[in-house]
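On a predicted model such as this, the values are computed, not experimentally measured, just so you know. Because only heavy atoms are used, hydrogens play no part in the values below, and waters and symmetry mates are left out as well, while side chains stay in.
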Amino acid sequence: MDNFILFAGTANPDLAVAVAQKLDIPLGKSAVERFPDGEVNVRLLESVRQKSVFILQSTAPPVNDHLVELLAFADACRRSAASRITAIIPYFGYARADKRHGRREPITASMVAEVLQAVGVNHVVTLDLHTLQIEGFFRIPVDSLTAVPIFCEAIRDYLPPNFVVVSPDTGRVQMATQYAQKLDSSVVVLHKHRTSGTETEVTRVVGDVKGCACLIIDDMISTGGTLAKSIEALLKAEARPEIIIAATHGLFVKEARAKLSHPSVKAIFVTDSVTPKETDWQQLKIVSIAPLIATTIQRFKTDSSISDLF
């Protein structure tokens, strides 16, 4: 591990510290400054020449600030002759912008992929990508790990008898199936119609939830609108008012907490891929992904397979 450095961006320093502790290494020395006009400046305070560099930085809100900081880190490492640059991006921002809905729109996920490669990133590691097709925007290796196994271990003791796993839309059916297989349950799918960038409407519940508790899964919680509508639809379909939510990335922007503070919601599980803001929320449970990331880095350094981490 002598020829290896892990740098931490400012998006989630606690996660980076936890990963470094798991690896029993110090974090790389660096300084990140922001000028009065908002520009970011990154300085590496130790040599990276011919070393393998890992940069841990989620593109959490404010997304653009943290993305540019990651790019600056990578550019500094490339210009300092690092042998290889791996960007560990637990939460990959702009992942929902993976296609055009009109002829005059960007595909921003593709743009972000191009920029990461342009500044010298050789490998990207992320967690539960919103859509796996984003890997196709890269010409470098992309590994999208999953938090499903660690979530299942954390959630198992909270689950009441006779529960079903609920996918909030058709895009999460594969993830819901993974949960159901590990927790020995069945899958219910909600069909939704998106009326705007922040508003959705559930049009149909596919599967029987009558008298059942529900585990709603998702890859992220942003405004909480989709989950709030899902809860309403499930209760209307006569599900038991015992609902647990598991989502990999907890952004909790705008009025998300208010929308999800429903008496039927017993617990909300998220990972620390994004620094938790709601530290006084009793229902909120944080599951750390530090062991998962540390294991991934260790296997990279020993050229071992990570296929069992997907």
Side-chain angles (χ1 to χ4, degrees), residues 1-33 42-60 66 69-70 72-78 80-92 116 120-129 140-155 248-250 269-276 279 285-310:
M1 302 288 281
D2 293 340
N3 216 31
F4 146 79
I5 297 179
L6 171 65
F7 286 111
T10 62
N12 201 334
D14 291 342
L15 175 60
V17 168
V19 171
Q21 289 175 343
K22 292 289 183 183
L23 292 169
D24 195 24
I25 61 168
L27 284 172
K29 297 176 182 177
S30 64
V32 179
E33 301 171 322
V42 172
R43 289 182 294 122
L44 307 181
L45 303 181
E46 60 181 289
S47 175
V48 298
R49 181 172 296 276
Q50 295 307 306
K51 292 186 177 182
S52 182
V53 173
F54 293 83
I55 308 167
L56 198 159
Q57 172 82 330
S58 278
T59 51
H66 289 144
E69 182 185 320
L70 172 60
F73 253 113
D75 191 63
C77 292
R78 175 179 62 86
S80 301
S83 64
R84 185 172 181 82
I85 303 169
T86 300
I88 302 176
I89 315 173
Y91 169 66
F92 189 97
L116 285 168
V121 173
N122 305 113
H123 193 163
V124 169
V125 177
T126 186
L127 183 70
D128 286 329
L129 268 176
I140 58 176
V142 177
D143 290 312
S144 181
L145 310 175
T146 182
V148 172
I150 58 175
F151 264 145
C152 288
E153 288 304 310
I155 292 170
T248 305
H249 312 294
F269 288 82
V270 297
T271 73
D272 54 355
S273 65
V274 175
T275 299
T279 55
K285 315 295 181 184
I286 309 298
V287 180
S288 181
I289 57 171
L292 176 62
I293 294 176
T295 297
T296 302
I297 293 174
Q298 184 67 56
R299 292 192 188 181
F300 283 161
K301 296 311 298 174
T302 57
D303 293 325
S304 302
S305 173
I306 62 170
S307 59
D308 60 319
L309 304 180
F310 293 96

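Applying the side chain to side chain contact (heavy atoms under 4.5 Å, CB included) rule to Pro141 yields the partners Arg84, His123; only residues at least two apart in sequence or on another chain are considered. Qualifying ring-ring contact (aromatic ring centres under 6.0 Å, His included) partners for Phe269, counting only residues two or more places apart in sequence or in other chains: Tyr158. Under the rule for a side chain to side chain contact (heavy atoms under 4.5 Å, CB included), the partners of Val48 that lie at least two apart in sequence or sit in another chain are Ile5, Phe7, Leu44, Val53, Ser80, Ala82. Residues forming a side chain to side chain contact (heavy atoms under 4.5 Å, CB included) with Ser307 (at least two apart in sequence, or on another chain): Ser305. Residues that satisfy the side chain to side chain contact (heavy atoms under 4.5 Å, CB included) test with Pro149, not counting sequence neighbours, are Thr146, Lys182.
Residues Leu127 and Ile293 are not in side-chain contact: their nearest non-hydrogen atoms beyond the backbone lie 4.5 Å or more apart. Taking 4.5 Å as the limit, some side-chain heavy atom of Thr248 sits within range of a side-chain heavy atom of Thr271. By the 4.5 Å heavy-atom criterion applied to side chains, Gln298 and Lys22 are not counted as neighbours. Between Phe92 and Leu116, some side-chain heavy-atom pair lies under the 4.5 Å cut-off. The side-chain heavy atoms of Phe300 and Phe54, taken from C-beta on, include a pair separated by under 4.5 Å.
For the residue pair Leu15 and Pro90, the shortest heavy atom distance occurs at CD2-CG, 4.1 Å. Between Phe73 and Ala8, the closest heavy-atom pair is CZ-O, 3.8 Å. Summarising the geometry of Val121 relative to Ala74, their closest heavy-atom pair is CG2-CB, 3.8 Å, with the distance given to 0.1 Å. Shortest non-hydrogen contact noted between Ala147 and Asp128 is N-OD2, 3.1 Å. When all heavy atoms of Gln50 and Asn3 are compared, the closest pair comes out as O-ND2, 3.0 Å. Nearest heavy atom pair, residue Val42 against residue Ala72, reads CG2-CB, 3.8 Å.
Annotation: side chain to side chain donor-acceptor pair (under 3.5 Å) contacts involving residues 4-17, sequence neighbours excluded, comprise Thr10-Glu69, Asn12-Thr275.
With rounding to the nearest 0.5 Å, the separation of CD1 in Ile289 from OG in Ser58 is 6.5 Å. With rounding to the nearest 0.5 angstrom, the OG1 atom of Thr302 is 12.0 Å from the CD1 atom of Ile297.
Listed for the Thr59 side chain is a donor-acceptor partner under 3.5 Å among the backbone atoms of Tyr91. Of the possible polar contacts, none joining the Gln57 side chain to the Ala87 backbone as a donor-acceptor pair under 3.5 Å is found. A donor-acceptor pair is defined here as one N or O able to donate and one able to accept, closer than 3.5 Å; no such pair exists between the side chain of Asp272 and the backbone of Ile286. Side chain of Asp75 to backbone of Gly120: no donor-acceptor contact under 3.5 angstrom is found. Of the possible donor and acceptor atoms, none in the side chain of His249 sits under 3.5 Å from a partner among the backbone N and O of Ala60.
In this structure, Asp143 does not pair ionically with Arg299, as no charged nitrogen and carboxylate oxygen lie closer than 4.0 Å.
Under a cut-off of 6.0 angstrom, the local environment of CG in Asp308 is crowded, with over 12 non-hydrogen atoms contributed by other residues, nucleotides or ligands.
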Trace of the side chain to side chain contact (heavy atoms under 4.5 Å, CB included) decision for Ile140 with Asn122
CA-CA 6 Å; Ile140 58 176; Asn122 305 113; 5.5 Å; no

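No option in Ile89, Ile88, Thr86 other than Ile88 meets the side chain to side chain contact (heavy atoms under 4.5 Å, CB included) test with Leu56.
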